[in-house]
Amino acid sequence: TQLLEQSPQFLSIQEGENLTVYCNSSSVFSSLQWYRQEPGEGPVLLVTVVTGGEVKKLKRLTFQFGDARKDSSLHITAAQPGDTGLYLCAGSSGTYKYIFGTGTRLKVLA
Amino acid sequence: SQTIHQWPATLVQPVGSPLSLECTVEGTSNPNLYWYRQAAGRGLQLLFYSVGIGQISSEVPQNLSASRPQDRQFILSSKKLLLSDSGFYLCARSEGGWQDGYTFGSGTRLTVV
């Protein structure tokens, strides 16, 4: 059974701080995605990474796919209250299905 | 537009009652459709997925079933709800490529009492 463990589970930081969220598995994934979810809404796709070692940037967010394609990280620079939400990673082994991680709940205080 | 419509947004049902949640999608034809359940503030558990009309794959044995009577309609059902069926149910679509992301609906919050 493929599992994606995210850490930390909860994170509360002050506006302007930097943070990193991790997504780890013992399985290899063909691609990995990151989503952000607001309360009472469905997750919204942020990025897809497909190549081992790949780094993608989305404004203040930097995503990295591990060289072995078993893990990923999300780094946020100078966090803002608008970054508050539940961050989810999701991996696919090349099928129609994505396995979702356990989630990291981020709260950025003004 | 790859819009997904889910209803109702919230639902409170007694134990033992039936359930029907509907998801309809707009946009390209023959999308892959998915039902996920989310425990409070946590990750998503895949329940069912469908790659075409009448085709349903079940991921977790449980009290629920799914059907796809039309290309852009996906229904989640139960004959008798259990307390453990409470949760946030999300419908999602993808366009077939495994590198494509999901587009999610806005979800249904189900509380079984």
Side-chain angles (χ1 to χ4, degrees), chain A residues 1-12 21 23-25 28-51 54 56 58 63 65 69 84-107, chain B residues 2-11 21 23 25 30-52 55-61 68 74 87-111:
Chain A
T1 302
Q2 294 176 312
L3 293 174
L4 277 168
E5 294 289 336
Q6 287 185 238
S7 61
Q9 290 186 33
F10 303 96
L11 191 56
S12 181
V21 176
C23 174
N24 295 292
S25 175
V28 176
F29 291 100
S30 301
S31 65
L32 193 138
Q33 301 178 336
W34 285 92
Y35 292 80
R36 181 169 64 211
Q37 184 179 19
E38 305 286 342
E41 298 291 330
V44 175
L45 179 67
L46 297 174
V47 76
T48 300
V49 286
V50 298
T51 305
E54 181 177 4
K56 282 192 174 179
L58 182 64
F63 304 87
F65 202 10
R69 291 184 287 132
T84 294
L86 178 68
Y87 287 82
L88 295 161
C89 63
S92 171
S93 299
T95 68
Y96 300 114
K97 302 177 293 184
Y98 270 84
I99 306 300
F100 278 79
T102 48
T104 293
R105 183 163 295 284
L106 171 65
K107 186 170 185 178
Chain B
Q2 307 297 342
T3 304
I4 298 180
H5 300 281
Q6 262 190 268
W7 66 90
T10 59
L11 189 60
L21 300 181
C23 170
V25 303
N30 200 35
N32 295 334
L33 299 176
Y34 308 81
W35 279 111
Y36 280 87
R37 179 170 59 200
Q38 185 176 31
R42 302 295 287 165
L44 280 64
Q45 179 188 33
L46 179 62
L47 302 176
F48 302 95
Y49 71 94
S50 171
V51 299
Q55 192 282 331
I56 305 294
S57 295
S58 175
E59 289 296 299
V60 181
R68 185 170 178 176
F74 203 25
F88 191 47
Y89 289 83
L90 289 156
C91 179
R93 68 175 292 162
S94 71
E95 305 316 311
W98 53 267
Q99 296 185 44
D100 297 336
Y102 288 164
T103 300
F104 283 89
S106 54
T108 295
R109 172 76 58 195
L110 171 66
T111 304

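Order of the sequence lines fixes the chain letters, A, B, ..., with proteins taken first and strands second; residue numbering starts at 1 for each chain. On a predicted model such as this, the values are computed, not experimentally measured, just so you know.
Residues forming a side-chain hydrogen bond (donor to acceptor under 3.5 Å, both in side chains) with S57(B) (at least two apart in sequence, or on another chain): Q55(B). With sequence neighbours excluded, no residue satisfies side-chain hydrogen bond (donor to acceptor under 3.5 Å, both in side chains) with W35(B).
Minimum heavy-atom separation, L44(B) to P43(A): CD2-CG, 4.2 Å. Minimum interatomic distance between G101(B) and Q33(A) (heavy atoms only, all atoms of both residues): CA-NE2, 3.1 Å.
Only the side chain of Q37(A) comes within contact range of chain B, with heavy atoms under 4.5 Å apart.
Residue K107(A) places its NZ atom among 12 or fewer non-hydrogen atoms of other residues, nucleotides or ligands, all under 6.0 Å distant.
In this structure, the side chains of I99(A) and E59(B) stay at 4.5 Å or more apart for every pair of heavy atoms. The closest side-chain heavy-atom distance from Y34(B) to Y98(A) is not below 4.5 Å.
Distance check: F100(A) CZ to Q45(B) CD gives 12.5 Å after rounding to the nearest 0.5 Å.
Using modelled atom types, no side-chain atom of Y102(B) and backbone atom of V44(A) make a donor-acceptor pair closer than 3.5 Å.
Top candidate by heavy-atom pairs under 4.5 Å with chain B, chosen from P39(A), A90(A), G42(A), C89(A), is G42(A).
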